[in-house]
Amino acid sequence: MLSALIAALLIIPPAITDFGSPRVDSIVNVIVIDPGHGGSDKGAVGPSGLLEKDVTLAVAFQLRDLILSDPHLKESGVKVVLTREDDRDVSLEERATIANGVAGDLLISIHTNSFTYSGVYGPETYFLSLKASDEHARKVAEVENSSFGNNGGSPVEDEDLKQILFDVKHKSHIEESMSLAKEIQGEFNNNLKLRDRGVKQAPFRVLKSVAMPAVLVEVDFISNPAREKLLQDENYQSLIARSLLGAVKRYKLLKENGLSGGAGSDGSS
Ligand SMILES: [Zn+2]
């Protein structure tokens, strides 16, 4: 039964194997910003009580305002959709439904990281894979996947069928997601001047369900007292948002010039 299903999947022509709506254009028009957590789900809590859900919303608002006031993006008619605009519960599935419902061209999910050792700091940018790129990435995904009473499950599935379904659904977006993730991490490295914690991969539930290139950004470690202080500073939030804006603009340029997946190029065209 399983092997028959796998065989059937393998011979389906590519045009009808895309479970989301196929995108024939390369225009980046609708940008979905997902402020992590909210409502009863506080997310991670800093040593002096700063809540992840408040930081993610503040950064999301700043990013939205920057995108909407950017002359080039404004001129090209870019729209911004937030998966929540206030302090409310929104499940990971609802977030994906919102993003898919507006036919987003990219999704940025904003989070803050947390770790038992309070000295760790710096942003990390993730894109989706079935398996985590390392043990730390696996733990980060486990924490983020456990929002709103989800037990976190284990989206890491080894069965052939699951692997094939995953590949079929996400293949077209993985390279673009990686390209966007690299741009974001590059902007962070340039603007924040911190040690590069790098682009990582992990099986995030919120990314798994969206039919568009998508990344999850852990903007910094709220568990580090010094970073917690910075994370509640509007100017620092703005620096993070400006880094994300810069990355969105570079990614848009790359994609619209047919260079997606070529994040190794300098994007100066
Ligand atoms: Zn989070």
Side-chain angles (χ1 to χ4, degrees), residues 32-64 82-96 98-99 107-118 120-129 132-156 177 180-181 184-185 188 197-210 214-225 227-228 230-232 236-237 240-241 243-244:
V32 182
I33 306 172
D34 174 44
H37 312 277
S40 62
D41 175 12
K42 298 183 180 75
V45 181
S48 72
L50 181 66
L51 304 180
E52 176 179 1
K53 66 173 185 175
D54 293 335
V55 176
T56 62
L57 190 59
V59 172
F61 282 151
Q62 292 224 25
L63 177 57
R64 177 189 63 186
L82 267 63
T83 56
R84 69 176 175 98
E85 298 194 22
D86 50 24
D87 184 20
R88 69 172 69 196
D89 285 18
V90 186
S91 73
L92 298 177
E93 288 70 25
E94 283 174 86
R95 291 164 197 262
I98 292 167
L107 175 138
I108 299 177
S109 187
I110 299 172
H111 290 260
T112 67
N113 225 329
S114 182
F115 195 63
T116 43
Y117 170 58
S118 64
V120 183
Y121 62 91
E124 294 174 343
T125 311
Y126 288 84
F127 66 100
L128 181 66
S129 72
S133 49
D134 57 39
E135 182 56 16
H136 168 68
R138 189 192 66 75
K139 283 190 175 147
V140 170
E142 196 176 281
V143 170
E144 301 298 4
N145 287 343
S146 65
S147 295
F148 304 104
N150 287 318
N151 61 12
S154 176
V156 182
S177 300
L180 176 61
I184 289 175
Q185 194 65 25
F188 282 145
R197 296 189 58 84
V199 170
K200 296 165 191 280
Q201 288 176 269
F204 289 100
R205 197 184 294 269
V206 68
L207 302 185
K208 249 185 140 177
S209 310
V210 294
V215 297
L216 185 143
V217 183
E218 299 280 358
V219 296
D220 212 327
F221 284 79
I222 201 170
S223 47
N224 178 319
R227 308 312 291 178
E228 181 195 29
L230 281 174
L231 284 170
Q232 58 195 321
Y236 195 72
Q237 292 168 355
I240 292 168
S243 302
L244 294 171

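Just follow the structure's listing: the first ligand is 1, and inside any ligand the first atom is 1. What you see is a predicted model, and the numbers here were worked out from it, not measured in a lab.
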Discussion item. Looking at the Zn ion (ligand 1), is there an N, O or S atom belonging to Glu218 that lies under 2.8 Å away from it?
Written reply: no

Worksheet entry | OE2 (Glu144) - the Zn ion (ligand 1) - ND1 (His111) angle, nearest 10° | 90°

Worksheet entry | Donor-acceptor pair between Thr56 and Arg84 side chains, under 3.5 angstrom | yes

Practice prompt. Measure the shortest side-chain to side-chain distance between Tyr117 and Asn224 over non-hydrogen atoms and say whether it is less than 4.5 angstrom.
Written response: no

Worksheet item: Between Glu218 and Arg197, does at least one N-O distance fall below 4.0 Å, as a salt bridge requires?
Response: no

Discussion item. Rounded to the nearest 10°, what angle sits at the Zn ion (ligand 1) between NE2 of His37 and OE2 of Glu52?
Written reply: 100°

Worksheet item: Does a side-chain N-to-carboxylate-O contact under 4.0 Å join Lys139 and Glu142?
Response: no

